[in-house]
Structures are given as C-alpha cells and as structure tokens.
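Here's the structure, in structure tokens; my notes come after.
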2 protein chains.
Amino acid sequence: MSAPTLTSSARNRLLDVGARATPAREHVLEILLAATRALSHQEIEAAARKQGFNFDRVTLYRVLDWLVTQQLAHKIEGQDRVWRFNAITVTSTEHGHAHFHCTRCGQVFCLEQLEPSFAVTLPAGFRFEKAELTIQGICPSCATD
Amino acid sequence: MSAPTLTSSARNRLLDVGARATPAREHVLEILLAATRALSHQEIEAAARKQGFNFDRVTLYRVLDWLVTQQLAHKIEGQDRVWRFNAITVTSTEHGHAHFHCTRCGQVFCLEQLEPSFAVTLPAGFRFEKAELTIQGICPSCATD
DNA sequence: TATTTTATGCAACCGAGTTGCACGTCGACC
DNA sequence: GGTCGACGTGCAACTCGGTTGCATAAAATA
Ligand SMILES: [Mn+2]
Ligand SMILES: [Mn+2]
Ligand SMILES: [Zn+2]
Ligand SMILES: [Zn+2]
C-alpha cells in the first residue's frame, strides 16, 4: 500500500487504498486527475457524459464524498454556493488551500505552488484549526478577452 | 451626507445614505449593529421575531441585499452554503475580510482588528481583485464546554 | 389630492445537495 | 459453481437557501 504517486493511474490509486475500483469511481477520479482546476459536480458530469459514461447525479455526489474520505480528492466551497473537487496528488496533499476564483467565468483554480503565509493572531479564546485563503480576480483566459 | 459613525443609530445611517428608512430596514440594520458576529438570514429572522417584528422571508433577503449595495452591510459566504451579514462601521469598512468559522456551532465572527497580511504571488495571467481569508476552528463559547 | 416611485407580501419557482429504499453487483465463503 | 452478505448504483422524493413575478401597499413627488 504505497502512497499514490503523480504517475499512478486512477485505477491504481483506488486499489492503493484497498477499495473497489468501480467504473464510476475510476471515471470520476480520472476526470479529476486530468483537470487543471477544481471541478464542480456539473463540470464532472459533463466531462463524463462527453466520454460516453453516464450515471446518476446521486452516484456522483456519493463517489465524490467517498473520494474525499479516502483522501483521494479534496473539496472546496466557492463563492457561488457550489462545491468543487480536485484530485490530491503527492504535491498537493499538504497544500495550504489557496484557491483562485474567477469572478467572470466562475472557474476555480488550485494554487498549489504557493504556500499562503498569512500572519493571523486570533483573539483570546479562539482555537485555530485551519485557514482557507481564496483569491478573487480574473483568470488568464478571461483576461485576454 | 456625513459618513456614518459608530454611534449613529440604524435610522440615522439609513437617512445618511439618502434612503427611505422603512421599518424592515431599520429593524434589520439595528439587529446587525447589535450583533457581535455575522448573522445568517435565519438568525436575523429569529432576532426580529423575538422583538415582535415580523416580515416575509423575501423582504429580508431584499433588505439585506439592499444594505450591501448601500455599503451599510457586507455579506460573507460560509463553509455551509449560507450567507451571513454584518453591519459596516467606520472601523470595519476597509477590513481585510478575515473571518472565523466555528466548526462546532457554525457561528461566524468577523476578525476586524487583524489585517490579514498574506504573501501571494499569483501565476502569470491571473489578475488579482481581492482576497478572502477564513479561519476555521473552535469559538470561545464552544471551547469552554 | 392625484401621480409616480419604491417597498412589501405571497406564491411559485430554482438549483445544489440529501435521504430512503429497491435492486444489482461484487467478493467471500462454503 | 452456488449462496450469502456487503456494498455500489438508480430512482424518486425531499430539504433548504435563495430568486422571480406579480399584485398590493406605502412613501415620495407634484
Ligand atoms: Mn485545492
Ligand atoms: Mn466581515
Ligand atoms: Zn475566468
Ligand atoms: Zn462555536
């Protein structure tokens, strides 16, 4: 049960966690691994349909939740009340959860490379668990229009 | 049309922006001003009902939106797909939008005092607009239980 | 007062996510 | 291989936060 590497396929990642590699799980994880940004439920559904794989909405929600509990994906909440998911790779496992939300097209990008260093001193009595930093702005493809 | 100060009443703030000071607006703004944290639609509705003032859900949504456009309140999105609002005071107008979300009771606190200084270098092509920093953890009242 | 503007109430709607339950499928065990 | 239990999937109905359209009420303006 070695840690999944960047090169391991969706199927191998699933087997690595000692779980059933069902078609739904494989397809979803593949889509997430291929994506360059965090994908919403709708985007994942569309991507799956485009490659001829179709399944129920609910199944997708359950697969995504399951991937999160297995630490194969992580889930972020956007400004638009929509959850987005991206696959966790060795380089992203411990990232500082900095995300970029394009205010024009709504796409969400994970900013894995930059470790967000923020200086926050909480008022007395507050116990820190984790921080989430979201940058809003215009994404490259929207900026060139 | 002077800038509203910390001591001005809800009514005065409304008149300051040259708007109708309707009962709904007054009550909602009063509730927001009295709160020590950001309030959800439900919390505001409950607070209003408790002081004998009742109105339609939709009216509340519209009043809150209006307060935001008038820069009398600001709106934040929590991890629970719920919007929360708090009154803008002179000290909070230009705050850096740092918020604390209690993972146990769900309450959201504005961390006005601390200017969240984060060093983020966006990848090429991304245009910065604003940053939002949310700290998750346990709030004082939950921590003592 | 009459006219126009703006706020409120009500009902129906929307979209993301959830729940319950029946059915299918897989793996384990005999 | 056949039987069983565990688990994954599909379907329908539901929840919940938030919106929209439209009729009515209440201010502002004249
Ligand atoms: Mn991420
Ligand atoms: Mn705030
Ligand atoms: Zn964009
Ligand atoms: Zn708490």
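Numbered from 1 within each chain, the chains take letters A, B, ... in sequence-line order.
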**OP:** State whether B:E132 and B:K130 are salt-bridged, where the test is any N-O pair (Lys NZ or Arg NE/NH1/NH2 against Asp/Glu carboxylate O) under 4.0 Å.
**Re:** yes
Original post:
Would you call B:E26-B:R13 a salt bridge at under 4.0 Å N-O?
Top reply: no
Pull out every protein N or O sitting under 3.5 Å from an N or O of nucleotides 3-7 of chain C, one pair per line with the distance.
unit_1, atom_1, unit_2, atom_2, d
C:dT5, O2, B:R20, NH2, 3.4
C:dT6, O4', B:R20, NH2, 3.2
C:dA7, OP1, B:R25, NH1, 3.1
C:dA7, OP1, B:R25, NH2, 2.3
C:dA7, O5', B:R25, NH2, 3.4

Original post:
Any chance the side chains of A:Q79 and A:T134 put a donor and an acceptor closer than 3.5 Å?
Top reply: no
To the nearest angstrom, how far is [X] atom [atom1] from [N] atom [atom2]?
{"X": "A:E26", "N": "D:dG8", "atom1": "CD", "atom2": "C1'", "result": "14 Å"}
{"X": "B:L67", "N": "C:dT8", "atom1": "CG", "atom2": "P", "result": "10 Å"}
{"X": "A:N54", "N": "D:dT9", "atom1": "CG", "atom2": "P", "result": "14 Å"}
{"X": "B:L14", "N": "D:dA28", "atom1": "CG", "atom2": "P", "result": "12 Å"}
{"X": "B:L15", "N": "D:dA27", "atom1": "CG", "atom2": "P", "result": "14 Å"}

**OP:** Could you encode protein contacts along nucleotides 10-21 of chain C as a string, one character per nucleotide from 5' to 3', using B for base contact, S for sugar-phosphate-only contact and - for no contact, with a heavy-atom cut-off of under 4.0 Å?
**Re:** BB----SBBBB-
Expected output: side-chain [X] to main-chain [Y] donor-acceptor under 3.5 Å:
{"X": "A:R84", "Y": "A:L39", "result": "no"}
{"X": "A:R25", "Y": "A:R20", "result": "yes"}
{"X": "B:Q70", "Y": "B:L67", "result": "no"}

**OP:** Take the angle between the ring planes of A:F126 and B:F109 and call it parallel below 30°, perpendicular above 60°, tilted in between.
**Re:** perpendicular
Original post:
Which atoms form the tightest heavy-atom contact between A:A131 and B:L133, and what is the distance?
Top reply: CB-CD1, 4.3 Å
